[in-house]
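Being a predicted model, the structure only gives us computed values, none of them experimental.
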Amino acid sequence: MFTGIITDIGTIRSAEQRGDLRLVIGCGYDMAGVAIGASISCSGVCLTVVEKGPDWFAVDLSAETVSRTAQGQWTQGRRLNLERALKVGDELGGHIVTGHVDEIGEVTGLRNEGDSLRVTISAGPAIAPHVAPKGSITLDGISLTVNSVEDTAGGGVDFGVNIIPHTAEVTTFDSLEVGRPINIEIDVLARYLHRMQAFRPA
């Protein structure tokens, strides 16, 4: 489990296609305190540390993981939002995040709004019912609050979030562009509520 509060920005030093895709990710963590087998959220994707060094760790991504996450994200030189797994007793500063991507959205709008950046994300029908104003959502591993929701033709949704300067400074959202694909994870409570609703008697 994670909270969506980013604690480091990593950089992919190498990407090697073996049976799976092996990534070596440079980071600022004290890797002496990170065990082999530990989970680290990499831009919203829960991955397992399989090898490590003083300032890097390696993970393996299956073809399934690559196909279900943002296109172009797993390439050499790409920066990733990092968060180590939540420990019992840690402060829950964001919301409960599992590190499982529900859908890939796309940045379709950027505009300044006061000191913040208003970002509009377009997503498909699969998650449209789970996005609500003032609800929580995870974008590339970052816990954010949904500020606007607009249904679109075909059952999709456009929703807006505000990125304050601090968030931009400590995440990869300092370089957002229109057209960028984004990993989306809906609020886990919305996921369970939807499942329960499907089994309600008519």
Does Glu150 have any salt bridge (Lys or Arg N to Asp or Glu O under 4.0 Å) partners at least two apart in sequence or in another chain, and if so, which? none
Looking at side-chain heavy atoms only, is the closest gap between Gln73 and Leu80 below 4.5 Å? yes
Who pairs with Val178 by side-chain contact (heavy atoms from CB on, under 4.5 Å), at least two apart in sequence or on another chain? Leu110
Counterpart residues, side-chain hydrogen bond (donor to acceptor under 3.5 Å, both in side chains), relative to Thr120 (two or more places apart): none
Could you list the residues that satisfy side-chain contact (heavy atoms from CB on, under 4.5 Å) with Ser136, not counting sequence neighbours? His95, Asp187
Test: salt bridge (Lys or Arg N to Asp or Glu O under 4.0 Å). Region: residues 162-184. Which pairs qualify, not counting sequence neighbours? Arg79-Asp174, Asp140-Arg180
Residues in side-chain hydrogen bond (donor to acceptor under 3.5 Å, both in side chains) contact with Ser41, at least two apart in sequence or another chain: none
Distance-only criterion, 3.5 Å: show the donor-acceptor pairs between side-chain atoms of residues 42-55 and protein atoms not counting sequence neighbours.
residue	atom	partner	partner atom	Å
Ser43	OG	Asn81	N	3.0
Glu51	OE1	Arg22	NH1	3.1
Lys52	NZ	Met31	O	2.8
Lys52	NZ	Val34	O	2.6
Asp55	OD1	Arg13	NH1	3.4
Asp55	OD2	Arg13	NH2	3.0

Does Ile96 CD1 have over 12 foreign heavy atoms under 6.0 Å away? no
Going by side-chain hydrogen bond (donor to acceptor under 3.5 Å, both in side chains), name the residues that satisfy it together with Trp56, two or more places apart in sequence or in a different chain. none
Shared-cluster residues of Val97, by chain and number - hydrophobic side chains joined below 4.5 Å: Phe2
So do the side chains of Val66 and Leu21 get within less than 4.5 Å of each other, counting heavy atoms only? yes
Ile25 CD1 to Thr11 OG1 distance, which is reported to the nearest 0.5 Å: 9.5 Å
Return a table of donor-acceptor pairs under 3.5 angstrom between the side chains of residues 151-164 and protein atoms on other chains or two or more places apart.
residue	atom	partner	partner atom	Å
Thr152	OG1	Gly156	O	3.2
Thr152	OG1	Val157	N	3.3
Asp158	OD1	Ser122	OG	2.6
Asn162	OD1	Arg118	NE	2.6
Asn162	OD1	Arg118	NH2	3.1
Asn162	OD1	Asn147	ND2	3.0
Asn162	ND2	Glu113	OE1	2.9

I'd like to check the side-chain hydrogen bond (donor to acceptor under 3.5 Å, both in side chains) partners of Ser62; sequence neighbours left out, ordered by chain and number. Thr65
How would you list, by chain and number, every residue that makes a salt bridge (Lys or Arg N to Asp or Glu O under 4.0 Å) with Asp20, sequence neighbours excluded? none
Taking the side chain as every heavy atom from C-beta outward, state whether Phe57 and Val24 have any pair of such atoms under 4.5 Å apart. no
